Structures are given as structure tokens and as C-alpha cells.
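Residue numbers start at 1 and run along the sequence shown. Since the model is a prediction, treat every value here as computed from it, not as a measurement. Remember, it's 1-based here, ligands and their atoms both numbered in the order they're listed.
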Amino acid sequence: LRAELEGIPTYKPGRSAQSAATAAGAAAGGPVAYKLSSNENPYPPLPSVLETVTAAAGSFNRYPDMMCTSLMNELADRFGVPVSHLSTGTGSVGVAQQLIQATSGPGDEVIYAWRSFEAYPIITQISGATSVQVPLTPGEVHDLDAMADAITDRTRLIFVCNPNNPTGTVVRRAELERFLDRVPGDVLVVLDEAYREFIRDAEVPDGVQVYRERPNVCVLRTFSKAYGLAGLRVGFAIAHEPVAAALRKTAVPFGVSQLAQEAAIASLRAEDELLGRVGSLVSERTRVAEGLRVQGWTVPETQANFVWLRLGDRTAEFAGVCEQAGVVIRPFPGEGVRVTIGESEANDIFLKTTESFR
Ligand code: PMP
């Protein structure tokens with residue numbers, strides 16, 4: 001085994017839906033249990049999407065279209081970009097791993113904020129490159145000045161997670177532009193926009209617009225969150241030609257199933273309906289964040305489908321209390337909890353729990 005693999009932590013995902021339901025249901029003494037631990041979309045699949053997937057399931061004895069041709073064409077139309085600037089992958093985390101593989105190896109540095117998406121350190125270490133973690137500000141937002149200061153001649157890639165997982169905080173247009181002006185042209189900046197559709201702050205730039213103006217910027221998007229396809233694993237990057245071509249080279253062959261491809265196409269076609277659901281989740285987000293503040297909690301301004309509560313050494317205790325009440329949330333030991341905005345009943349249980357925990 002490669003020495004780089006020594007000490008790489010394995011992923012610790014939130015509980016599976018089934019284990020969460022069993023644990024929380026049993027704890028609450030009833031069948032109702034809610035999983036608010038993985039930033040999933042609580043709505044069930046749209047009937048139109050489910051029908052498409054069911055029809056496609058009839059031919060899973062065949063390999064999928066390796067090039068994702070139809071999906072790539074749909075995405076090119078939807079975003080107004082050439083097909084040659086697109087690459088799909090096994091979730092956006094798969095595409096992020098390819099981006100590192102394509103750019104960074106031993107001796108190279110990858111910069112990102114910390115705390116941020118837990119995959120960044122893992123995929124960086126797998127490649128043999130070195131993570132350079134730049135702490136969030138006390139207000140839990142990216143410190144872009146410090147991130148620019150951290151660039152060296154070994155820097156190959158920078159992740160900007162916007163909104164940031166797990167804090168939900170955002171980077172706004174003016175500060176992003178100022179930052180990008182300081183990044184050398186041979187360093188790739190990845191705008192990870194997994195939660196893009198939940199943003200309501202008009203000052204947050206659309207990464208696709210930023211990519212159009214800057215050859216060293218690429219955008220990561222996913223069908224897992226707003227589009228509700230987490231279980232089907234499909235994400236994509238919009239990037240300029242050399243980067244997109246490198247992504248297509250480093251892709252796992254047949255890494256996006258035919259079911260996932262067809263579900264993604266059907267979801268793009270049902271986008272209005274899906275974005276309507278996102279609107280309801282955004283209203284719930286406002287209700288939860290305001291409810292928490294009324295209770296006296298400090299809640300960073302979130303533009304994603306989750307809220308972040310810093311609890312320090314009470315984190316594990318709080319997660320246990322939530323589970324007893326019937327909601328499974330995501331603890332980051334010693335730091336805080338990330339709680340996905342779910343069904344309104346689930347959000348109600350969460351708010352009741354926070355009220356009694358204070
Ligand atoms: N980026 C961020 C910031 C995320 O939070 C996640 C999911 N937790 C992903 C990427 C990956 O999502 P997926 O692989 O399902 O597209």
C-alpha cells in the first residue's frame with residue numbers, strides 16, 4: 001500500500017436512513033423518526049421522475065451510456081455552456097476527487113477553509129497532496145484574505161464551498177472577486193455549489209457566471225440536494241476545456257448509472273416543481289433559524305438546507321437528546337451539530353428539543 005494512505009480517516013457518514021429510523025423510532029417509542037443528518041431532500045421522488053427511473057430499470061443488465069450524452073446535452077442547454085465544458089461523475093464528491101487527482105499529487109498543496117466539507121481532507125490525502133486548512137472567521141465564514149495569503153508556488157487547487165458545509169454561510173460577490181484577483185492563473189479554484197439552489201441572498205454570485213469570466217474557475221454542482229437524487233449519485237462540473245477534458249479522462253468508467261442519468265434528465269425537466277419544493281424548504285429554514293434565535297441560540301446566517309449550532313463539549317449530549325426525541329442530527333464531536341431542514345413535523349420536534357436543552 002502507498003505510504004500516503006497511512007492514517008487517512010475513513011468517511012463517517014450520518015447514519016443510514018434505515019438505521020436512523022430504527023434508532024430514533026425505537027428511542028421515541030413510536031414509528032416516527034426523522035433523519036436530519038445528511039442534508040438530504042425530505043420530499044419523496046416526484047412521480048414523473050420515479051416513472052422514468054422505473055422504466056429505465058428494465059434494462060439494467062446493460063451498461064449505461066459511458067459519456068452521459070443525453071444528460072450532458074441537457075446540462076449544456078440548461079446552463080448555456082458547451083458540452084466540452086462539462087463532466088459528470090459519481091456524485092459531486094466523485095468529481096471533486098477527480099479534480100484533485102487531475103491536479104495535485106505529492107508535494108502539491110490544496111487549500112480550503114476549515115471547518116468545511118469533510119471529504120476535502122480525505123480526497124486530498126488520498127492523492128498524496130498536502131491539505132492547507134484555513135480557519136473560518138469567528139463569524140463562521142470563509143476567511144478569503146487568509147486563504148489568498150496561504151497560496152504558495154506549490155498550491156494547485158483551492159476549494160471555496162459556497163454555501164459552506166456545515167455552517168451554511170456564504171461568500172459574496174465583491175469578496176470573491178477580490179480573492180480571485182489574487183489567485184495565480186495556474187491555480188484552479190473550485191466553487192463547490194452543492195447547495196446553490198437554496199441561496200436567497202442576491203449578493204452571492206452564481207458560480208457559473210464567475211466561471212465564464214475566469215479560465216481558472218470551475219463549478220461543482222449536484223443532483224443530490226435540491227433535486228432530491230442523493231441515492232442515485234450524480235453530480236457534475238462546469239469547467240474550461242483542459243480541466244473538463246482532464247475530468248473526463250479521470251472518470252470511473254460507467255460511474256453514473258443509467259437510472260441516475262435518466263433521473264437527472266427527468267429532474268431538469270421537472271425543475272419548476274422541484275424548485276417549488278426548495279422554496280418551501282427555504283421558508284422552513286427561516287422558521288427554524290428564527291425560532292432558534294428567539295430561544296437565544298446563536299445561529300450563523302445560513303443559505304443552505306441546514307443550520308449549524310456550535311455546542312463545543314455539549315455536542316454529543318445534544319445529539320443524544322435529539323435522537324431520544326426522534327430526530328437524528330449530525331454531530332461533529334467537540335465542535336457542534338449540523339441539522340438538516342426537513343419536514344415541518346421534524347423541524348417542530350427539533351425546535352422543541354432545542355428549547356428544552358438550553
Ligand atoms: N459538496 C458539498 C459541500 C457537500 O456538502 C456534499 C454532500 N454532503 C457534496 C459536495 C457531495 O454530494 P454528492 O456527492 O451527493 O453530489
Side-chain angles (χ1 to χ4, degrees), residues 11-17 35-42 45 68 71 75 86-101 110 112-124 126 133 136 140-142 157-171 189-199 204 207 218-239 247 251-252 255-257 259-261 263-264 267-268 274 281 285 300 302-308 328-332 337-342:
Y11 284 103
K12 292 189 197 71
R15 284 173 181 277
S16 72
K35 182 173 181 242
L36 305 180
S37 50
S38 302
N39 300 340
E40 293 151 330
N41 192 317
C68 296
L71 175 56
L75 289 170
L86 285 164
S87 185
T88 50
T90 313
S92 56
V93 71
V95 184
Q97 184 156 358
Q98 289 171 247
L99 277 165
I100 296 197
Q101 203 178 358
V110 176
Y112 50 87
W114 199 250
R115 165 162 290 280
S116 190
F117 181 31
E118 63 263 36
Y120 299 155
I122 297 174
I123 57 186
T124 300
I126 289 170
Q133 302 185 334
L136 296 170
E140 312 272 12
V141 301
H142 277 65
L157 191 80
I158 304 174
F159 283 106
V160 175
C161 188
N162 202 25
N164 188 47
N165 175 7
T167 56
T169 50
V170 288
V171 166
V189 178
V190 181
L191 303 177
D192 183 345
E193 297 189 332
Y195 304 96
R196 166 74 211 165
E197 297 81 2
F198 296 93
I199 295 175
V204 180
C218 84
V219 181
L220 268 186
R221 295 275 180 100
T222 181
F223 283 94
S224 297
K225 312 293 179 183
Y227 294 87
L229 303 183
L232 287 175
R233 315 302 306 126
V234 52
F236 61 98
I238 301 179
L247 287 174
V252 172
V256 184
S257 75
L259 303 192
Q261 294 182 37
S267 302
L268 287 171
L274 290 168
L281 291 169
R285 172 179 81 199
T302 174
Q303 290 288 308
N305 66 339
F306 50 82
V307 291
W308 171 245
V328 178
I329 61 170
R330 180 70 196 276
F332 293 83
V337 296
R338 187 193 67 199
V339 183
T340 308
I341 303 299

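- Classified by interplanar angle (parallel below 30°, tilted 30° to 60°, perpendicular above 60°), the ring pair Tyr112/Trp114 is perpendicular.
- Thr222 is not listed as a side-chain neighbour of Val93, based on a closest heavy-atom distance of 4.5 Å or more.
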Give every pair made of an N or O atom of ligand 1 and a protein N or O atom lying under 3.5 Å apart, one pair per line with both atom names and the distance to 0.1 Å, or write 'none'.
| residue | atom | partner | partner atom | Å |
| --- | --- | --- | --- | --- |
| ligand 1 | 1 (N) | Asp192 | OD1 | 3.1 |
| ligand 1 | 1 (N) | Asp192 | OD2 | 2.8 |
| ligand 1 | 5 (O) | Asn165 | ND2 | 2.8 |
| ligand 1 | 5 (O) | Tyr195 | OH | 2.6 |
| ligand 1 | 8 (N) | Lys225 | NZ | 3.4 |
| ligand 1 | 12 (O) | Ser92 | OG | 3.4 |
| ligand 1 | 14 (O) | Ser92 | N | 3.1 |
| ligand 1 | 14 (O) | Val93 | N | 3.0 |
| ligand 1 | 14 (O) | Arg233 | NH2 | 2.7 |
| ligand 1 | 15 (O) | Ser224 | OG | 2.6 |
| ligand 1 | 15 (O) | Arg233 | NH1 | 2.7 |
| ligand 1 | 15 (O) | Arg233 | NH2 | 3.4 |
| ligand 1 | 16 (O) | Ser92 | N | 2.6 |
| ligand 1 | 16 (O) | Ser92 | OG | 2.8 |
| ligand 1 | 16 (O) | Thr222 | OG1 | 2.5 |
| ligand 1 | 16 (O) | Ser224 | OG | 3.4 |

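- Side chains of Ser116 and Asn164: a donor on one and an acceptor on the other come within 3.5 Å.
- Remark: side-chain polar atoms of Arg330 are not paired, donor with acceptor, to backbone N or O of Ser38 under 3.5 angstrom.
- Looking only at distances, a side-chain donor or acceptor of Asn305 sits under 3.5 Å from a matching main-chain atom of Asn39.
- Here the side chain of Arg115 pairs no donor or acceptor atom with the backbone of Phe332 at under 3.5 angstrom.
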